[in-house]
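One structure is given below, encoded as structure tokens.
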Amino acid sequence: MTAPRIPVAILGATGAVGQKLVTLLDGHPWFEVISVCASERNVGRQYGEAVRWIEPGTPPSSVAALVLQPARPGVAGAIAFSALEATAATEIEPLFASAGYHVVTNARTSRMEPDVPLMIPEINPDALSLLAGQRKRRGWEGSLVANPNCSVVVLAGVLAPLHRAFGIERVFAATMQAVSGAGYPGLPSLDALGNVVPFIDGEEEKFAPEIGKILSSSFALSAHVNRVPVVDGHTVALSVGFEKRVTPEEAREVLATFRPPAEVAALPSAPDAFLRIHDAEDRPQPRLDAGLGGGMTISVGRIRPCPLLDIRLVALAHNTVRGAAGAALLNAELLVSRGFIERPS
Ligand code: NAP
């Protein structure tokens, strides 16, 4: 007999990240999707009919049969996974947290609020200590936890071990971000195909503050963001300067031996390898490597000397898995394993 699972709702279930959540939650050992919510234009329709499905195959039958509900407290579920568009998230997520739901969000709106954990479980699991104050101060029965921007996950995942080992002084980062990062339908094809768009509204400004909050430390960071004609997988080319001289071999050793805390590595959505080092000179590549570890592994390669700073490297992760839906899932799993959310017996 299978153990009873925690009932969960997905807010914004019809979007790109919402669909990835539906996919990753299918057969999840701890969570069961029992409610799906969308905007007014879809409320009342069966999920399977309303959704323009962009994941492989068809929606899981158990979710396809659910009727889309308004994103308002009252829907069944103990956890509300939010893949809401940002403006809607600002208004709706606090209503859910206030009503007793544990809201685990992908939206940007609350990430920088001081009492909201902005968490990558492998890097800063103790951010959850903010929740006691959050609930007390806001009078919430529930809680709100956020995962970072999809490129910040790549940056923080690689920079955290290096910063802890050597102390980073400055970073230059140029991103090559997949079109799925813009949601669905996202960019018009005439903008995306055979092209590079050197601007993503509001994106560059998020990097330094979000990384600073996750690492509880800051360094100078110059970011250039680009939208490129890749379906899934954000790639970042980095130059990193340290407080002392660091060789590529030393940096490689730190990244190759980095291990997340055992409690995080044991969570159902944690990949076998948080960081995967590639030594082939033409890797990582999004088409080949974004899916590693079920999309939860961050790939690192081309670790080499830099004539301007100390080292150069390339990092890559799946933006809708490690950068969004999978990140939220891992955050929720840590909430469960730390006892913030009870599993039914
Ligand atoms: P998307 O494809 O545009 O989906 C947005 C979802 O929000 C849809 O389900 C939509 O429902 C729903 N929605 C919009 N307005 C609503 C309202 N007033 N009330 C209820 N539901 C509403 O966007 P996405 O790419 O999945 O992104 C979702 C969130 O995750 C965003 O905040 C985004 O910034 C963040 N994020 C995305 C990525 C990524 O790689 N795509 C990565 C990290 C974070 P309808 O279909 O009914 O309109």
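Since we're looking at a predicted model, the values are computed, not measured. Just follow the structure's listing: the first ligand is 1, and inside any ligand the first atom is 1.
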- Message: Given G15, C150, G12, identify the one with the heavy atom nearest to atom 1 (P) of ligand 1.
- Response: G15
- Do any heavy atoms of R41 fall under 4.0 Å from ligand 1? yes
- Message: With nothing but distance in play, are any N or O atoms of L84 less than 3.5 Å from an N or O of ligand 1?
- Response: yes
- Query: Do T105 and S110 touch side chain to side chain, with heavy atoms closer than 4.5 Å?
  - Reply: yes
- Query: Under the 4.0 Å line, does any protein heavy atom show up next to atom 9 (O) of ligand 1?
  - Reply: yes
- What atoms of ligand 1 come closer than 4.0 angstrom to any heavy atom of N42? 45 (P), 46 (O), 47 (O)
- Per-atom contact, atom 16 (C) of ligand 1, protein heavy atoms, under 4.0 angstrom: yes
- Which of the numbered atoms in ligand 1 are below 4.0 angstrom from a heavy atom of A88? 15 (N), 16 (C), 17 (C), 18 (N)
- Task: Establish, from distance only, whether the side-chain atoms of N106 and S82 form a donor-acceptor pair under 3.5 Å.
- Result: no
- Item | Numbering as shown, the atoms of ligand 1 that approach A86 to under 4.0 Å (heavy-atom distance) | 32 (O)
Give every donor-acceptor pair under 3.5 Å between a side-chain atom in residues 219-228 and any protein atom, sequence neighbours left out.
from	atom 1	to	atom 2	distance (Å)
N226	ND2	T175	O	2.9
R227	NH1	A178	O	2.8

- Message: Judged on heavy-atom distance to atom 24 (P) of ligand 1, which of T90, V17, T14 sits nearest?
- Response: V17
- With side chain to side chain donor-acceptor pair (under 3.5 Å) as the test, would you mind laying out the steps for E333 and H28 before giving the verdict? CA-CA 11 Å; E333 289 167 2; H28 192 280; 2.6 Å; yes
- Query: Got a second to check how far L162's CG is from E250's CD, nearest 0.5 Å?
  - Reply: 11.0 Å
- Item | Set of ring pair (Phe, Tyr, Trp, His ring centres under 6.0 Å) partners for F207, sequence neighbours left out | none
- Item | Sub-4.0 Å heavy-atom approach of S180 to ligand 1 | yes
- Report yes if Y184 has an N/O atom closer than 3.5 Å to an N/O atom of ligand 1; otherwise report no. yes
- Message: Between ligand 1 and I92, can you find any atom pair, the residue atom being a heavy atom, that is separated by under 4.0 Å?
- Response: yes
- N106 heavy atoms, cut-off 4.0 Å: which ligand 1 atoms fall inside? 30 (O), 35 (C), 36 (N), 44 (C)
- Query: Would a distance-only check, ignoring hydrogens and angles, find a side-chain to backbone donor-acceptor pair under 3.5 Å from K213 to E113?
  - Reply: yes
